[in-house]
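Scroll down for the structure; my scribbles are underneath it.
Keep in mind it's a predicted model, so treat the numbers as computed, not measured. Residue numbers begin at 1 in each chain, while the letters A, B, ... track the order of the sequences.
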There are 2 protein chains.
Amino acid sequence: MGISKIDKMHSLSKNQQIIFDLIDKSSEPLKAYTILFNVQKKGIKAPLQVYRALDKLVEIGKIHKIESRNAFIACHNSSCQVAKATAFSICEICEKVTEISSAGLSKYLANFKDKDGMKYSKYNLEFFGLCKKCR
Amino acid sequence: MGISKIDKMHSLSKNQQIIFDLIDKSSEPLKAYTILFNVQKKGIKAPLQVYRALDKLVEIGKIHKIESRNAFIACHNSSCQVAKATAFSICEICEKVTEISSAGLSKYLANFKDKDGMKYSKYNLEFFGLCKKCR
DNA sequence: CTTATAAATGTTATATTATTACATAGTGTT
DNA sequence: AACACTATGTAATAATATAACATTTATAAG
Ligand SMILES: [Zn+2]
Ligand SMILES: [Zn+2]
Ligand SMILES: [Zn+2]
Ligand SMILES: [Zn+2]
């Protein structure tokens with residue numbers, strides 16, 4: 001009873017798993033060098049090891065990069081497995097980041113046509129405001 | 001016949017003007033150190049001088065930062081004077097960036113409510129795809 | 001099992017992007 | 001003049017990310 005193709009597609013390498021676990025259990029977005037510091041005890045010693053794992057995890061949709069913060073959070077939206085269409089809200093006071101999972105929003109953006117009639121399946125949207133706690 | 005308040009609000013300091021002019025006449029987004037290199041002949045010698053001018057220009061809406069590229073473009077959308085609600089399309093091949101000016105889109109996003117009913121007047125949206133030339 | 005291929009890792013050095021800290025100078029207002 | 005505010009100059013350093021090269025591990029095919 002081996003590993004099925006589907007399982008394998010989602011299986012992570014050692015470094016990827018270590019870094020994903022750290023991000024996934026974090027309550028806030030983590031920066032690359034914060035990650036590095038926290039996984040050094042597990043044998044990951046160099047920035048490049050972190051960045052390579054991050055690149056892969058982003059590529060397969062397990063995590064997303066918050067571009068305006070240079071930080072990474074785990075995806076908690078199963079429909080993001082393809083990972084190319086993301087939306088977040090960011091609190092400007094406490095920096096809490098929440099992934100937005102709105103069928104209406106993703107449908108609107110996926111169907112949006114620019115003035116040349118071009119549609120885009122990939123996008124990243126970051127909303128800024130105050131979270132419940134901070135307002 | 002002095003400078004009116006409105007004029008003054010929009011008047012740029014020396015460094016701000018030099019850097020805005022460079023960005024404004026560029027056909028592509030410029031990075032901070034590219035800007036630095038190009039304004040050294042005008043006496044701007046240090047990164048901080050560039051970053052300070054960029055911060056101010058972003059704040060007053062004369063330029064926008066393309067977060068996924070760490071680069072800056074001039075605003076060509078007069079309604080962005082307040083500069084907090086921006087949308088761009090980015091070509092993944094040639095890196096051409098175009099500011100999107102769509103009343104429908106900005107209205108949709110400004111009125112979007114997250115699952116807590118929260119609305120956001122500030123946002124940044126980056127669409128990724130292929131420009132006309134590259135597809 | 002062997003060979004080939006692709007993916008991941010380890011390591012060092014370096015490039016790129018951005019900020020801290022402190023001193024000085026200009027601008028507008030009262 | 002006195003004050004507040006904005007902008008500038010300069011040096012040092014912090015934070016973020018990649019290049020280059022050697023090696024190892026996983027996967028697939030023959
Ligand atoms: Zn997601
Ligand atoms: Zn908050
Ligand atoms: Zn604009
Ligand atoms: Zn293009």
- OP1, OP2 of D/dT8 versus side-chain N and O of B/Ser13: anything below 4.0 Å? yes
- Task: Whole angstrom is fine here: how far is it from OH in B/Tyr51 over to C1' in D/dT8?
- Result: 18 Å
- Indicate whether the side chain of A/Gln17 and that of A/Asn15 have a donor and an acceptor atom separated by less than 3.5 Å. no
- Rounded to the Å, how far apart are B/Asn15 CG and C/dT24 C1'? 14 Å
- A/Lys96 and A/Glu28: salt bridge (charged side-chain N to carboxylate O under 4.0 Å, His left out), yes or no, with the steps? CA-CA 7 Å; A/Lys96 176 180 163 71; A/Glu28 59 187 5; over 6 Å; no
- Message: Between P on D/dA7 and CZ on B/Phe20, what's the gap in Å once rounded to a whole number?
- Response: 16 Å
- Note on the structure: For residues 94-121 of chain B, the ring pair (Phe, Tyr, Trp, His ring centres under 6.0 Å) pairs (sequence neighbours left out) are A/Tyr108-B/Tyr108, A/Phe127-B/Phe112, A/Phe127-B/Tyr120
- Message: Any donor-acceptor pair under 3.5 Å linking the side-chain atoms of A/Thr86 with those of A/Asn124?
- Response: yes
- Query: Do B/Glu67 and A/Ser68 have a side chain donor and acceptor closer than 3.5 Å?
  - Reply: no
- Item | Separation of D/dT8 P from B/Gln17 CD (nearest whole Å) | 11 Å
- Could you list the residues that satisfy side chain to side chain donor-acceptor pair (under 3.5 Å) with A/Ser13, not counting sequence neighbours? A/Gln16
- Message: Does C/dT27 have OP1 or OP2 under 4.0 Å away from a side-chain N or O of B/Lys14?
- Response: no
- OP1 or OP2 of D/dA17 under 4.0 Å from side-chain N/O of A/Asn70: yes
- Rounded to 10°, the angle between the first-five-pair and last-five-pair axes of the helix from C/dC1-D/dG30 to C/dT30-D/dA1 is 40°
- Task: Could you list who else is in A/Leu48's hydrophobic cluster, with ILVMFWY side chains joined at under 4.5 Å, directly or through other members?
- Result: none
- Rounded to whole angstrom units, what separation is found between the CZ atom of B/Arg52 and the C1' atom of D/dT6? 11 Å
- Message: Once ring pair (Phe, Tyr, Trp, His ring centres under 6.0 Å) is applied, what residue pairs with a partner in residues 28-47 of chain B remain, sequence neighbours excluded?
- Response: none
- Contact list for DNA chain C against residues 24-50 of chain B - heavy-atom distance below 4.0 Å: B/Lys31, B/Tyr33, B/Leu48
- Query: A/Lys122 and B/Glu92: salt bridge (charged side-chain N to carboxylate O under 4.0 Å, His left out), yes or no, with the steps?
  - Reply: CA-CA 10 Å; A/Lys122 298 169 64 170; B/Glu92 291 184 294; 2.6 Å; yes
- Query: Rounded to whole angstroms, how far apart are CD1 on A/Ile18 and C1' on C/dA8?
  - Reply: 13 Å
- Item | Integer-rounded Å distance: C/dT16 P and B/Arg69 CZ | 17 Å
- Message: Between P on C/dA18 and CG on B/Leu54, what's the gap in Å once rounded to a whole number?
- Response: 9 Å
- Task: Look at B/Lys56 and D/dT6 and indicate whether a side-chain polar atom (N or O) is within less than 4.0 Å of OP1 or OP2.
- Result: no
